[in-house]
Amino acid sequence: MAAESDLANEISPVDFIQLQEYLEYSRIKVKDAMKEFHAGGKLVHHRFGDHIDATGFSLFLKNYLEVDDFPADLCQRLYQYFQRSERSGRDQSPHRKDGGVSLKAVSCYFSILEDGNPRDKLEYTFKLYDKDDNGLLDSKEVDKIVTQMMQAAEYLGWDVTELKPVLQDMLKAIDVDSSGTVTHREWIQGGLNNIPLLVLLGLKVAEKDGQHVWRLKNFNRPTYCFVCQNLMLGLRKQGLSCNVCKYTVHSSCANKNHTPCVRTFVRSKTEIGCSVHDWISADCESNKCEICHKKIKILTGKSCVWCRRMRHSDCVPLGSSHCDCGRLQHHVLPPWAICAMDQADSGSSLGENYLVNMNSDGHFLQIFPVKDTHPLLVFVNPKSGGKQGKRVLRKFQFLLNPRQVYSLDNGGPNPGLQFFQNLHQYRILVCGGDGTVGWILDAIDKADMVIRPPVAVLPLGTGNDLARCLHWGGGYEGSDLTEILKQIEESTLVQMDRWSLQVIQADLADDGDPLPNDIINNYFSIGVDASIAHQFHVMREKDPQKFNSRARNKLWYFQLATSETISASCRNLKECLSIECCGVPVNLSRLSLEGVAVLNIPSMHGGSNLWGETKSPERLKKWQEVTVNADALEKCSQDMNDKLLEVVGLESVVEMGQIYTGLKSKAHRLVQAAHVTIRTYKTLPMQIDGEPWMQPPCTIYITHKNQANMLMAPSAKTLGFFLK
């Protein structure tokens with residue numbers, strides 16, 4: 001086993017966790033960042049041989065993690081770690097006095113922490129620990145792997161009391177010829193079949209049908225291992241649990257023979273439409289068997305994956321084999337509705353995303369609709385709401401067929417939309433913020449779908465203005481997802497206007513930010529609120545780990561709003577722009593404005609209704625292309641599907657706060673119109689649906705694009721949500 005001095009060479013748990021937080025928000029791959037040290041790269045002068053100096057290492061981290069002010073003390077500790085690690089493996093490099101750090105070691109280490117496929121990560125791991133580059137892992141190098149993995153397990157909160165011998169036996173089993181060394185081939189082939197190794201390396205196990213999707217799990221009540229049937233023991237994470245079927249095992253039992261995971265599709269056309277139960281071992285304690293109506297004791301019951309009915313193991317063959325998918329039958333896409341087909345048999349073009357919807361045998365998966373159902377296609381942004389998105393993803397993988405639940409980190413929305421293209425009756429649930437909803441609506445537009453499915457929202461973002469307007473609440477707080485699915489079943493179809501935004505810059509030589517989007521779903525604004533949003537955006541880009549929760553983000557917004565109140569950076573905005581609607585100029589001279597907002601929905605800034613309620617009983621019933629008269633505007637109500645935009649003026653940050661808290665009923669109504677033209681005469685902060693940028697002088701044209709099918713919840717439920 002590695003000596004105590006070896007343990008001192010490792011990265012501390014605090015540094016390891018902090019580094020992972022930075023990595024979670026980085027979009028650059030380490031192999032691309034490393035190109036800067038090659039000929040022609042910006043950092044090549046910091047390289048000497050196969051080593052880089054301290055300055056080069058610091059610049060690499062800033063570039064790779066996309067952080068301008070990466071903590072200097074953390075950078076220094078990481079640099080010293082790589083130096084200590086190299087000294088423990090071989091003599092100090094003769095290239096420089098301080099030795100520098102190995103380019104290969106840095107590349108391999110960060111490659112391991114990135115998302116990737118198992119084979120690539122195992123390749124990187126082998127290179128990282130093969131210190132002498134002889135193509136073998138000797139006993140000392142294997143011991144170092146055990147040490148590092150023990151620490152990784154502790155960082156993850158796993159109970160390591162049983163882990164050390166398991167890891168040692170596991171790595172010994174990889175040495176097939178018992179030579180005392182592990183070859184590259186033994187490492188790759190053996191590693192791909194060792195569940196604890198893959199989990200501790202942060203690898204996603206290949207998603208073959210019937211293969212469990214493991215994660216480390218802390219069991220807060222007595223739980224038994226389904227393999228050895230012994231109790232899970234330990235104060236922290238004691239074992240592995242499958243995201244899909246909740247099958248639980250000790251880490252020491254993970255590589256032993258166990259019941260396969262649920263099937264997610266059928267392999268023969270003859271099985272299409274054959275609705276039968278899929279029974280799995282489950283924790284059925286204290287529940288009654290549907291056949292004999294007696295209580296089910298520990299480890300004696302089974303549950304159907306799709307309808308959730310429970311039976312004693314001995315009672316399984318006694319009842320009907322027909323499955324109706326239970327309470328979620330209208331949402332579930334059961335395996336007998338998905339069949340593995342050859343491309344020639346599928347009768348449709350596979351497109352660029354076909355690989356995502358293929359099984360492990362290389363067959364294309366195709367949906368065959370179940371009558372009188374409208375299955376749910378679920379998109380989850382795992383980065384929304386801190387770690388909330390990842391939890392929601394796991395929960396839906398359990399409640400529904402994993403084949404209908406897509407992480408947007410894995411290829412975006414196109415694979416899911418293409419998989420469901422044969423269905424005429426289905427719904428979409430978007431789990432994320434307003435930006436995620438806009439992403440899905442854009443993808444539906446670009447897919448040019450004959451049937452445009454209606455979209456519901458599970459709000460995981462910060463503002464969630466669109467979700468509020470559709471009665472899905474201001475933010476998901478962890479309530480039972482089956483209740484959300486019930487609300488979707490009871491929801492109402494509504495149309496939502498979507499608007500095209502065209503920006504024509506006055507001088508193409510002016511250096512501004514790129515336009516984040518050219519479609520408005522919620523709102524567009526110029527001035528004070530966009531300035532706050534832009535400052536928030538810049539800070540989040542620099543230090544993403546400081547903005548990983550909804551509550552923390554709101555505190556940052558409050559702090560920035562306070563600063564903006566003092567600085568008033570957008571005062572006298574009316575002198576910097578002009579507004580024209582349907583050829584009619586809008587008079588701004590009578591107002592002192594710091595902001596202008598163009599509204600499509602009655603919510604902005606996380607719940608503010610800037611247009612306000614129209615209480616007059618004499619509402620204008622006849623549709624008008626433009627309304628600018630002040631008295632007439634007081635009778636104009638706001639609707640997200642009337643093909644009209646509402647334009648309001650904001651006096652200050654204070655006024656924004658007053659409207660948000662209800663001290664003031666609305667902002668200044670300027671105009672209601674079918675299309676809007678804005679001309680600006682200086683560089684100003686702007687935002688579309690919460691995405692800010694700095695825009696040089698330009699002309700902005702806003703015109704109607706189309707309408708999207710949305711689902712409105714039956715009422716503004718507060719269970720599991722907060723409204724403001």
Side-chain angles (χ1 to χ4, degrees), residues 20-21 23-27 66 114-115 204 213 215 243 353 356 376-400 402-420 427-447 453 455-468 470 472-479 481 484-485 488 516-517 519 521-522 533 536-537 540-541 544-545 547-554 606 688-691 708 710-711 720-722:
Q20 282 190 318
E21 288 178 345
L23 281 165
E24 187 173 348
Y25 291 91
S26 175
R27 296 162 293 183
E66 301 180 278
E114 285 180 350
D115 287 336
K204 295 177 181 177
V213 182
R215 72 181 180 96
N243 289 344
N353 301 296
V356 181
L376 195 65
L377 172 57
V378 181
F379 292 114
V380 182
N381 187 341
K383 292 184 178 179
S384 291
K387 295 183 179 179
Q388 219 177 18
K390 293 180 180 178
R391 289 194 294 269
V392 168
L393 179 66
R394 290 197 301 266
K395 289 178 180 179
F396 275 123
Q397 286 176 332
F398 172 68
L399 289 172
L400 306 172
R403 298 279 175 187
Q404 65 187 109
V405 182
Y406 287 79
S407 170
L408 290 171
D409 263 0
N410 186 20
N414 290 336
L417 292 174
Q418 185 168 6
F419 187 41
F420 273 62
R427 296 163 171 165
I428 290 177
L429 174 63
V430 181
C431 307
D434 287 345
T436 306
V437 178
W439 184 11
I440 302 303
L441 295 179
D442 288 349
I444 292 173
D445 277 349
K446 291 173 182 175
V455 178
V457 184
L458 183 67
L460 301 181
T462 302
N464 302 312
D465 288 294
L466 180 55
R468 295 171 196 271
L470 295 171
W472 296 110
Y476 173 68
E477 289 292 299
S479 64
L481 289 178
I484 310 300
L485 295 176
I488 293 174
N517 203 346
I519 296 174
N521 294 309
N522 300 356
F536 177 87
H537 175 75
R540 184 166 59 179
E541 288 290 303
Q545 77 284 356
F547 301 84
N548 56 7
S549 77
R550 190 184 295 118
R552 187 179 294 183
N553 290 351
K554 285 181 177 288
I688 297 177
D689 295 349
E691 295 291 330
M710 307 299 294
L711 290 173
F721 295 92
F722 68 85

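The structure displayed is predicted, hence computed values, not measured ones.
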Partner of Y406 under side chain to side chain contact (heavy atoms under 4.5 Å, CB included), chosen from V380, L393, L377: L377

Under 4.5 Å between any side-chain heavy atoms of L470 and L711, yes or no? no

Minimum side-chain heavy-atom gap N414-K446 below 4.5 Å: no

Test of understanding: with side-chain hydrogen bond (donor to acceptor under 3.5 Å, both in side chains), list the residues that count as partners of N517, not counting sequence neighbours. none

Can you tell if the side chain of L376 reaches within under 4.5 Å of the side chain of I488, non-hydrogen atoms only? yes

Do the non-hydrogen side-chain atoms of L417 and I428 ever get within less than 4.5 Å of each other? yes

Does I484 reach the side chain of F396, with side-chain heavy atoms less than 4.5 Å apart? no

Have N522 and D434 got a donor and an acceptor in their side chains that come within less than 3.5 Å? yes

Hey, are the side chains of P382 and K390 touching, using non-hydrogen atoms and a 4.5 Å cut-off? yes

Under the side chain to side chain contact (heavy atoms under 4.5 Å, CB included) rule, collect the residues that match up with F398, sequence neighbours excluded. K246, R308

Taken in chain and number order and not counting sequence neighbours, the residues that satisfy salt bridge (Lys or Arg N to Asp or Glu O under 4.0 Å) with D445 are R452, R498

A side-chain contact here means heavy atoms from C-beta on lying under 4.5 Å apart; do L458 and L429 qualify? yes

Partners meeting salt bridge (Lys or Arg N to Asp or Glu O under 4.0 Å) with R394 (sequence neighbours left out): none

Check whether any side-chain heavy atom of F379 lies under 4.5 Å from a side-chain heavy atom of T436, and answer yes or no. no

To the closest 0.5 Å, what do you measure between CD (Q404) and CZ (F419)? 9.0 Å

